[in-house]
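This report concerns only the one structure given below.
Order of the sequence lines sets the chain letters (A, B, ...), proteins ahead of strands, with each chain counted from 1.
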2 protein chains.
Amino acid sequence: MDDLTEMLKGTLEGCVLEIIGREETYGYAITRRLNELGFADVIEGTVYTILLRLEKNGLVRVTKRPSELGPPRKFYALDDAGREELGRFWAKWEYLSSRIDKLKEGGR
Amino acid sequence: MDDLTEMLKGTLEGCVLEIIGREETYGYAITRRLNELGFADVIEGTVYTILLRLEKNGLVRVTKRPSELGPPRKFYALDDAGREELGRFWAKWEYLSSRIDKLKEGGR
DNA sequence: TACCACTATACGGTATCACCGAGTAGCCCG
DNA sequence: CGGGCTACTCGGTGATACCGTATAGTGGTA
């Protein structure tokens, strides 16, 4: 698949929120998860910038824990603001994707 | 609906291509069409920047024609490169939206 | 006439976002 | 000890939608 970067803007952050919402996890694992899910070219650096932004915006709770096989991990979990933001994200996605699909099907 | 600007990045240009692909039309009318289609907050300035970019990238054929009720209009039509780009856009959209919907449905 | 609304386009500047590159660091294995 | 995997940080880049302002033609109306 071609380059998706522009199309990911505004949606990748929501995907990360969704993954964190499922279970407390950390950056490196989130990146691997995204790659599995078909976001093949998403790289660690991108995910970390998103995580730092989420933290700065007060959407996540962060806990540092040692790892058995490497440096310590920063685990992320959604707080209430994060859950609300996730809800808004899916509402926007629903809205936008329905409009675009309608346009595609000859929308009038 | 909340602010969709970030989510529109990478998709709005494709929507404009699709509209132009249906019939030769001009900026002001494209804006009105987008508004009707649910892209309610998209404004003229945004559409004109996209159109100038399409022209610069050689995806459209441009014809200036007088209007009965205002300044002259610049009509846009897709050329071959534009049609190819439109195809790539829909392929990317299909790919991305299917992945995101799968993630939403509990994607594994 | 003077003003306003609608139509129609252009353009410089801004914010945001995903991405890149380089760096730091811990752990394991040959 | 060197390479490879794990794990995070941070400064900078490029693309995009958006904002504000300017310009300009047309028609209505007070």
*How close or far is atom P of dA15(D) from atom NZ of K92(B), stated in whole angstroms?*
13 Å
*How long is the line joining CD1 of I43(A) and C1' of dA7(D), in whole Å?*
14 Å
*Does the cation-pi check pass for R73(B) over F75(B), that is, NZ or CZ under 6.0 Å from the six-membered ring centre and within 45° of its axis?*
no
*Considering just the side-chain nitrogens and oxygens of T46(B), establish if one lies under 4.0 Å of OP1 or OP2 belonging to dC18(D).*
yes
_Any Y48(A) side-chain N or O less than 4.0 Å from OP1/OP2 of dC8(D)_ = yes
*Starting at CZ of F39(B) and ending at C1' of dC18(D), how long is that distance when rounded to a whole Å?*
16 Å
*Classify the nucleic acid contact of L51(B) as base, sugar-phosphate or nothing, counting any heavy atom under 4.0 Å across all strands shown.*
nothing
*5'-most contact on DNA chain D: E6(A) or G27(A), nearest heavy atom basis?*
G27(A)
*Should L8(A) and W90(B) be counted in the same cluster of Ile, Leu, Val, Met, Phe, Trp and Tyr side chains packed under 4.5 Å apart?*
yes
*Would you mind classifying the nucleic acid contact of E44(A) as base, sugar-phosphate or nothing, using non-hydrogen atoms under 4.0 angstrom?*
nothing
*Looking only at side-chain N and O atoms, does S67(A) come under 4.0 Å of OP1 or OP2 in dT6(D)?*
no
_Interatomic distance where NZ belongs to K9(A) and P belongs to dT16(D) [whole Å]_ = 7 Å
*Among the nucleotides dG14(D), dG11(D), dA17(D), which one has an atom lying closest to any side-chain atom of T49(A)?*
dG11(D)
_NZ/NE/NH1/NH2 to OD/OE distance under 4.0 Å, E105(A) and K102(A)_ = no
*Heavy-atom donor-acceptor pair, Y95(A) side chain to G38(B) backbone, under 3.5 Å*: yes
*Charged N-O contact under 4.0 Å between E36(A) and R32(A)*: no
*With a 4.0 Å cut-off, would you call E13(B) and R53(B) a salt bridge?*
yes
*Let me know, please, whether V42(A) or F75(B) comes out on the 5' side of the other along DNA chain C by nearest nucleotide.*
F75(B)
*Check the distance between dA15(D)'s P and E85(B)'s CD and give it to me in whole angstrom.*
14 Å
*Using heavy atoms to find the nearest nucleotide of DNA chain C for P71(A) and L52(B) separately, return the residue whose nucleotide is more 5′.*
L52(B)
*asked:* Looking at R65(A) and E24(A), is there a salt bridge between them, counting it only when a charged N and a carboxylate O are closer than 4.0 Å?
replied: yes
*So where does chain B start and stop touching DNA chain C, 5' to 3', when the test is distance under 4.0 Å to a non-hydrogen atom?*
dT7(C) to dC17(C)
*asked:* Just the rounded figure in Å: distance from C1' of dT9(D) to NZ of K64(A).
replied: 10 Å
*Which nucleotide, dA7(D), dC18(D), dT16(D), lies nearest any side-chain atom of E13(B)?*
dT16(D)
*asked:* I need the CG-P distance between N35(A) and dA7(D), as an integer number of Å.
replied: 14 Å
*For atom CD of E68(B) and atom P of dG27(D), their distance in whole Å*: 10 Å
*Kindly say whether F39(A) contributes a backbone atom to a donor-acceptor pair with the side chain of N35(A) at under 3.5 angstrom?*
yes
_dT9(D) phosphate, OP1 or OP2, under 4.0 Å from K74(A) side-chain N/O_ = yes
